[in-house]
Amino acid sequence: MNVEAETAVAAAPPPTPGLRGKIFQGGALMMGRQLVTMGLSLISLLMITRIIGPAAYGPYVAAFSICLYAQNLGQAGIGVYLVRAAAEVDERTWNVAATLLLVIALLLVTLLEASLGLIEAWSPLPDLGPLLSVLLLSLIPQILGVAASARLERALDFRRVAMIELVGQLIYYCVALPLVWFGYSVWSLVAAWLLQQVFCCIAFYAAASFRPRLQWDAEIVRGMLRYTFSFAAADWSWQLRGLVNPFIVGHFLPAEAVGQVGLAIRLMELLSFTKTIAWRLSVAALAKIQTEPRKLIAATTDGMRLQTLALGPVLIGFSWFGGYALSLVFGPRWEPVMVVYPFLALSYLTNAQFNFHSSVLYVLRRNWDVSWFHIVHISLFAGAAWICVGRWGIVGYGYGEMAALLSYIVIHRSVQKAVGSPDYGISALWWASLAIGLFWRDLGPGAIAAPILGLLCPPSIRMLKVYYHMFAGAPRHAV
């Protein structure tokens, strides 16, 4: 649940017709970019991982995960402050923000470069240190680019943001694929990532016509960090999920296992693209009804159901046929991916159902409630993974995901206290039937029928008719 980019969409003042059109046009552009990126990512993933293999891919995944978490730390919610500020942001504030981001980036790179020995000792994966050492250089353009991209988002110039990000992705694949083909292994991915981040940073500043100067104002910096800390804290705690693979799986298991879990996570991110799109639009939509609790509850109830309908069939389809695809396309070295897949799929499906819960809390500015949920979630996840990976191997990562499901009780109670309880009836029925279908390899082929039966029962059919008429443009009637 990323905080910065998603809350930025909701940052604008109360909508006028023209402004509202810009917001939803921006959402459509983000959706289009997401779809194109997903297609490119899937093609490159198929080619790259098959050629590289899990043993080499594992250390890269570990290094990249650490670097990605450092990037989230470095942004520190400053983009949120710049986009959401109610008053006009003057040029001095923009310059101070860019300076602060540069200082944070340099400090992070220095600190992590000095900690490479400790990281390698904890996760003794081959080449982890050299890979991480070079990848960390990407933090400087990544973090520095936040100020310029925030300037574009504040102006609602989503078209340029989407185009720059898309061209950056194309540069990545145009560099990575040929280098992998010629035998440069994971260093191809490192080189491509660095070039992508440098391009995006330069392009954002050029598109925003922003030429920052080094300026420092302690009062502005304090105000910036005080305003954004709760957003950043929620994001930092959630993004700790990404460190479980490198620091727990990498501590107990060889590089192949880290690569296999990394591929399973990457596949899940691609398959669950609808969850990301819905999240990016939900805060903007819910902001318009934030003073009407009954409408917030209704929107959350609908959001849970629609997310399940959108994501469930994709996850089930891959569960049924993905094992064959992995063997044919990726090769037998990647078959353990399907061991952890059902656990990850159920985790992502559950998170999709509760996407709107966190959106409601953010819109109501109850950010610490979200942070507390994230802390409980990562504590259960990492604690269970620590116990289980060492005992049962790669499947222990999946057991950690299952333990973390208990944390959703926390966010439910927060929403219940804030606006009331959504209706879980239909979405719980669909969730349970999909869960049974995901674990058909363990429960037997008969479990494949569970999702179909869940959709064909009378309450489901009535609800599906409601949504059909809603999307077809007919008036919606109560069920």
Side-chain angles (χ1 to χ4, degrees), residues 1-7 65-66 68-69 72-73 77 229-249 251 261-262 264-266 268-269 272 275-276 278-280 282-283 300 303-304 307-308 311 315 340-364 366-389 395-418 421-422 424 427-428 431 434-435 438:
M1 299 180 182
N2 188 296
V3 177
E4 279 190 30
E6 292 74 25
T7 52
S65 299
I66 296 168
L68 196 61
Y69 186 72
N72 284 302
L73 279 178
F229 184 73
S230 61
F231 290 100
D235 194 29
W236 293 340
S237 54
W238 182 256
Q239 296 300 332
L240 283 169
R241 283 180 53 88
L243 299 181
V244 172
N245 188 27
F247 285 135
I248 295 181
V249 178
H251 179 73
V261 171
I265 294 170
R266 189 74 185 102
M268 283 305 312
E269 290 171 350
S272 60
K275 179 173 77 74
T276 305
W279 163 254
R280 298 192 73 154
S282 64
V283 177
T300 303
M304 294 171 64
Q307 283 274 53
T308 306
L311 184 56
L315 299 181
V340 295
Y341 173 81
F343 299 97
L344 267 70
L346 188 58
S347 172
Y348 274 66
L349 180 66
T350 308
N351 182 258
Q353 286 208 337
F354 285 86
N355 244 0
F356 273 69
H357 289 63
S358 60
S359 297
V360 167
L361 294 174
Y362 280 131
V363 164
L364 297 176
R366 300 174 70 102
N367 305 318
W368 289 112
D369 287 348
V370 183
S371 298
W372 174 240
F373 156 64
H374 289 172
I375 291 167
V376 174
H377 181 93
I378 190 61
S379 299
L380 290 170
F381 180 28
W386 175 265
I387 294 169
C388 298
V389 169
V395 73
Y397 184 90
Y399 296 156
E401 290 278 19
M402 292 300 95
L405 296 183
L406 294 172
S407 64
Y408 289 98
I409 297 172
V410 175
I411 198 168
H412 158 71
R413 290 183 63 84
S414 295
V415 171
Q416 187 180 44
K417 290 179 181 178
S421 178
Y424 291 95
S427 57
W431 180 89
L434 288 164
L438 286 170

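- Looking only at side-chain heavy atoms (C-beta outward), Met304 and Phe356 stay at 4.5 Å or farther from each other.
- The minimum heavy-atom distance between Tyr399 and Cys388, with the atom names listed, is CB-SG, 3.8 Å.
- Within the structure, no pair that satisfies the side chain to side chain donor-acceptor pair (under 3.5 Å) test touches residues 378-388, not counting sequence neighbours.
- In this structure, the side chains of Leu240 and Ile375 stay at 4.5 Å or more apart for every pair of heavy atoms.
- Annotation: the span from Ser347 atom OG to Glu401 atom CD amounts to 3.5 Å, rounded to 0.5 Å.
- Applying the side chain to side chain contact (heavy atoms under 4.5 Å, CB included) rule to Ser65 yields the partners Val61, Pro246; only residues at least two apart in sequence or on another chain are considered.
- Smallest separation of non-hydrogen atoms from Ile411 and Phe354: CG2-CD2, 3.7 Å.
- Applying the side chain to side chain contact (heavy atoms under 4.5 Å, CB included) test to Met268 and every residue at least two apart in sequence or in another chain returns Leu315, Tyr341, Leu344, Ala345, Tyr348.
- Scanning both residues, Gly262 and Asn245, for their nearest heavy atoms gives N-ND2, 3.6 Å.
- Taking every heavy atom of both residues into account, Ser272 and Leu311 meet most closely at CA-CD1, 3.4 Å.
- Gln353 contributes atom CD, which lies 8.5 Å from atom CG of Leu434 (distance to the nearest 0.5 angstrom).
- Evaluation of the side chain to side chain contact (heavy atoms under 4.5 Å, CB included) rule for Ala418 yields Leu361, Leu364, Arg366 as partners, not counting sequence neighbours.
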Go through the steps to decide whether His374 and Ile378 satisfy the test side-chain contact (heavy atoms from CB on, under 4.5 Å), and finish with yes or no.
-> CA-CA 6 Å; His374 289 172; Ile378 190 61; 6.0 Å; no
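- The minimum heavy-atom distance between Ala435 and Leu346, with the atom names listed, is CB-CD1, 3.6 Å.
- The CH2 atom of Trp236 lies 6.0 Å from the CG atom of Leu73; values are rounded to the nearest 0.5 Å.
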Determine, stepwise, if the pair Val395 / Phe343 fulfils side-chain contact (heavy atoms from CB on, under 4.5 Å).
-> CA-CA 9 Å; Val395 73; Phe343 299 97; 3.7 Å; yes
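- With sequence neighbours excluded, the residues that form a side chain to side chain contact (heavy atoms under 4.5 Å, CB included) with Val410 are Trp372, Phe373, Val376.
- Under the 4.5 Å side-chain criterion, counting only non-hydrogen atoms from C-beta, Ile409 is in contact with Arg413.
- Side chain to side chain, Tyr424 and His412 meet the donor-acceptor criterion of an N or O pair below 3.5 Å.
- When atom types are taken as modelled, the side chain of Gln307 and the backbone of Asn355 share no donor-acceptor pair closer than 3.5 angstrom.
- Residues Ser414 and His357 fail the side-chain proximity criterion, which asks for heavy atoms closer than 4.5 Å.
- Counting heavy atoms from C-beta on, the side chains of Ile66 and Phe247 come closer than 4.5 Å.
- Between atom CG of residue Asp235 and atom OH of residue Tyr69 there is a gap of 8.5 Å, rounded to the nearest 0.5 Å.
- What you find for Thr300 and Val360 is that their closest heavy atoms are OG1-CG2, 3.3 Å.
- Leu405 contributes atom CG, which lies 7.5 Å from atom NE2 of His377 (distance to the nearest 0.5 angstrom).
- If you check the side chains of Ser421 and Gln416, you find no donor sitting under 3.5 Å from an acceptor.
- Applying the salt bridge (Lys or Arg N to Asp or Glu O under 4.0 Å) test to every pair with at least one member in residues 340-364, sequence neighbours left out, gives no pairs at all.
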